[in-house]
**Q** 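Provided herewith is a single structure, encoded as structure tokens, for subsequent inquiry.
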Number of protein chains: 2
Amino acid sequence: MVGSNTSTRAASPNGNGHPPRSSSIPPSSSSADKTKAENAALAAGIPSQLSGSETYSLLALAVACATVLGNTVRRDDGAPLTASLALSGIAFSACYAMIRWLSPTFVRAGIKGADLNKAQRRTLPECMGAVCAVVYLLAVIVFIPMPFYKDIVAATSGGGNRDVVLPVAHVEQGRLLHRFPHSKLASFLSAIISLQSITLLGIGDDLFDIRWRHKFFIPAFAAIPLLVVYFVDFGVTSVVVPTPLQPYLGELVHLGPLYYLYMTAVAIFSPNSINILAGINGIEVAQSVVIALLLIFNDALYLLAGPYPHPATDSHLFSLYFLLPFLGVSLALLAHNWFPARVFVGDTYCYFAGMVFVVVSILGHFSKTLILLLLPQIANFVYSAPQIFGLVPCPRHRMPRFNARTGLLEPSVTVWLPDRQPRKPIAWALRVLARLHLLRLTTDPKDPNIIQETTNMTLLNLWLVWRGPMREGRLAAEIVVMQAFVGLFGLFVRHRLALLIFKEDNLGTTNY
Amino acid sequence: MVGSNTSTRAASPNGNGHPPRSSSIPPSSSSADKTKAENAALAAGIPSQLSGSETYSLLALAVACATVLGNTVRRDDGAPLTASLALSGIAFSACYAMIRWLSPTFVRAGIKGADLNKAQRRTLPECMGAVCAVVYLLAVIVFIPMPFYKDIVAATSGGGNRDVVLPVAHVEQGRLLHRFPHSKLASFLSAIISLQSITLLGIGDDLFDIRWRHKFFIPAFAAIPLLVVYFVDFGVTSVVVPTPLQPYLGELVHLGPLYYLYMTAVAIFSPNSINILAGINGIEVAQSVVIALLLIFNDALYLLAGPYPHPATDSHLFSLYFLLPFLGVSLALLAHNWFPARVFVGDTYCYFAGMVFVVVSILGHFSKTLILLLLPQIANFVYSAPQIFGLVPCPRHRMPRFNARTGLLEPSVTVWLPDRQPRKPIAWALRVLARLHLLRLTTDPKDPNIIQETTNMTLLNLWLVWRGPMREGRLAAEIVVMQAFVGLFGLFVRHRLALLIFKEDNLGTTNY
């Protein structure tokens, strides 16, 4: 199917600069003819308008969601979860339309890039993650009053005072006498500040092409608001000790400043790890969508399966309030970024997505669960480390190589010239990796001691080494399915096997 | 002095692309030779490095401020005002250096513009306000814990709980039993979110050149977080009624939703009004610096002259925490943007500055004072209205016109062709304005009924009509001095003459 790409190069019926209308979301198109026509259209320009059916569907969705939202807000209890779902639908529609409308604006402003893995080099708008992020932030900001609506109504004695002291019956265990949950509001706001910071810095990165060494620390800056408010407002820095170690360390270990270091590490790792597992159409958004779905599944477990009200209920509601709109805008972006992509997401999206996960997991106290869900990213990072840290030469692009003849992706390689062979220990390690099927290594047919090339060390290339050449869309799909299975297994480990090393599963008790 | 500009056009000793080192801040340079050399250097490229003396001065300032900051934080009471001052010094140094270092990066990324009011068209980096804003936001975020340090230490019973109920002696009047000032924290955070939003949207505006009709409402979006948190956390929507009206309306009027409309109007007006009084080197930043200084002076009046502790003390401390770092980054920008400018500030800066004023005045409950300080901007807006709303044709640029022969700025004009004369009422109004010396109107010497040209309706052009042609730097300086005098008079009115229509001056009582 992709092979037909090459034959459409000459034909460019829409070459008049008028943006073609695209009739459907790319991933759903399957017939070869349609793909052919679509590729030609894509080559001609950037789609900038919604088709009639798209307009009506998006409008219908937005109106339905707005109605639900209106009804929810009018009721006394606010029902924030329903409101959040409705807002996420609106965010999806808004983001979908905005991406379409703003695509030509981005290209005109020079924010664009070439899609290297296609027979025809197409110029696509870059940094569309920024549109996502802005729509998302607006949705979350508008949502602020909803989880607090009940409290606003209950706790106001008039004149804006929040000083009503409720009768003892209303005082919940462990809560303050003063009922308005100000500290929850502060976490909510600090999360928004962190997400806005990462968006700002991500846009800076996309505009200015910051060096790898420097941009690695961008998420640390964005984590500052989160950590600062955590310090002001919670200050919980203790961690439950696994049962076998409790005789030595006690039940809880107070990590103090180390805990902030740990949170910073998570905040740096999560966005960067998503940014590293990238390079083919759709992979950045699709993996983020899967992680978000798994986190939502985990939240639902607590809310549906656990006792109610549970001390962790609030944490997981909080997490849902941030994840649902994220899912909304991400799906809208995925519809445009899935193979064959019509827009690029930019580093902005990767950072932003990673930071959403950091925010919900740190403020919800389930950062260890997040780490489990990021296992493929961690594997990719560890596997990439020799190239990232310069032990093995690292070309500018390490993404899979497009073979124009077959239309399939093949692993990209690092070439070793006969006079620039790897040093002894490196060569030995490369051969061991190749023996373990963790690398493809080609030696000179005349002299097996001379290494000619090794595949670049990314999960995507390794997958192609294992599974053979395949087309771009299929590779993204397979990686995403793998991500989903690993994540589900991670959650299973977390909730079932955790009992082996911790006294109780967190589904029944406070979650650290 | 500016006349010498023209003679340096041919000489371009630094035309090798190597960025010249500039030896001093432009406004302080006065000798003609120096200006000549500097203009030539400026024409050759964008300064990108700090001179030796600049490096040492900035480093010394930063180290001194960091030392003060370190000492302050180590003390128990935090002394947040000292910390804020120290942080502002660091912010100045950081911003000054970053503007210099990032200038070539911005130009390379295509974020640049031509300086039209010079004999030599120079290309300068645009949107440097974004650098300012990011440095500012980082400073303010790092500052978050400081005003709350005392509370953190006092109100923690361990394990991150903030549930200590203090003995009655410590309970201040009108405060909650629970001492930790969560609602103050929430206002602080909402202010940051609003400022980040305006920065994001401002950058979008600078990148994509949004149409005037649309961009007018950008600040309204950025005000949403502020209003939402105001709604959740204060909900005070009453206004003190002037004494003569009290028999009819009562002492306080509860405006309810109208108050939110009022706040939105202030939030839209303030950033836009600064964005309109623009077009010559340094004017945007200089006017903002003057307004910030006047607001700081007003805060100081409350803190030094009023009784202590005063119910409004916190509001004005809050205002200082946001204004001092703003002054820091703005002065760093002014040093590069004052005539002859080496960088442009972009709409980002205007919006950002206006929003800082909105944030402090709304959360500090002195939005009426802000309006007094914006009188020149209001005058400019009202005077511009006929052109903004299309009654009089509005060219793309209305800034004063540079006369290359004299090196001076002259009022720019709207030309009326004999066959496209203004309609009767417009023509009559234009003649009345000309009679009142509020416009310069040129008629056809043969037929006084035919209007040939009228000056564009901005304060800058009007000033040139009144005072005659002058060089760009002088015009900016005169406008800024006028701004300062009007502002001081406004504050005088506010604190002295307010007694005529209100029972008490707010220096002694709660400030609405």
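All chains are named by letter (A, B, ...) in the order of the sequence lines, taking the proteins before the strands, and each is independently numbered beginning at 1.
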**Q** Tell me, for Ile111(B) versus chain A, whether the close heavy atoms (under 4.5 Å) come from the side chain, the backbone, both or neither.
**A**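 For Ile111(B), the side chain is the part near chain A, not the backbone.
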**Q** Nearest 0.5 Å please: distance from the CG atom of Leu207(A) over to the OG1 atom of Thr105(B).
**A**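 With rounding to 0.5 Å, CG (Leu207(A)) is 11.5 Å from OG1 (Thr105(B)).
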**Q** Could you look at Ile203(A) and say if it's the side chain, the backbone, both or neither that has a heavy atom under 4.5 Å from chain B?
**A**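 It is the side chain, since no backbone atom gets that close.
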**Q** If I compare all heavy atoms of Gln196(A) with all of Ile193(B), which pair ends up nearest, and what's the gap?
**A**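 Reported closest heavy-atom pair: OE1-O, 3.3 Å.
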**Q** So which residue, Ser190(A), Ala130(A), Ser197(A), ends up with the most heavy-atom pairs under 4.5 Å with chain B?
**A**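 Greatest number of close heavy-atom pairs with chain B: Ser197(A).
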**Q** Might you confirm whether atom CZ of Phe221(B) has over 12 heavy atoms from other residues, nucleotides or ligands at distances under 6.0 Å?
**A**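 No, the 6.0 Å shell around CZ holds no more than 12 heavy atoms from other groups.
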**Q** Rounded to the nearest 0.5 Å, how far apart are CD1 of Ile144(B) and CZ of Phe231(A)?
**A**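 One finds 12.0 Å between CD1 of Ile144(B) and CZ of Phe231(A).
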**Q** What part of Phe106(A) gets closer than 4.5 Å to chain B, counting heavy atoms only: side chain, backbone, both or neither?
**A**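 Both the backbone and the side chain of Phe106(A) come within 4.5 Å of chain B.
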**Q** Looking at every non-hydrogen atom in both residues, tell me the closest pair between Val228(A) and Pro145(B) and how far apart they are.
**A**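 Looking at all heavy atoms of both residues, the closest pair is CG1-CD, 3.4 Å.
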**Q** Under 4.5 Å heavy-atom distance to chain B, tell me which part of Leu102(A) shows up: side chain, backbone, both or neither.
**A**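 Neither the backbone nor the side chain of Leu102(A) comes within 4.5 Å of chain B.
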**Q** Going from CG on Leu138(A) to CG on Leu200(B), what distance comes out if it is rounded to the nearest 0.5 angstrom?
**A**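 Those atoms lie 11.0 Å apart.
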**Q** Taking atom CG of Leu189(B) and atom CD1 of Ile192(A), what is their separation to the nearest 0.5 Å?
**A**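 Between Leu189(B) CG and Ile192(A) CD1, I get 9.5 Å after rounding to 0.5 Å.
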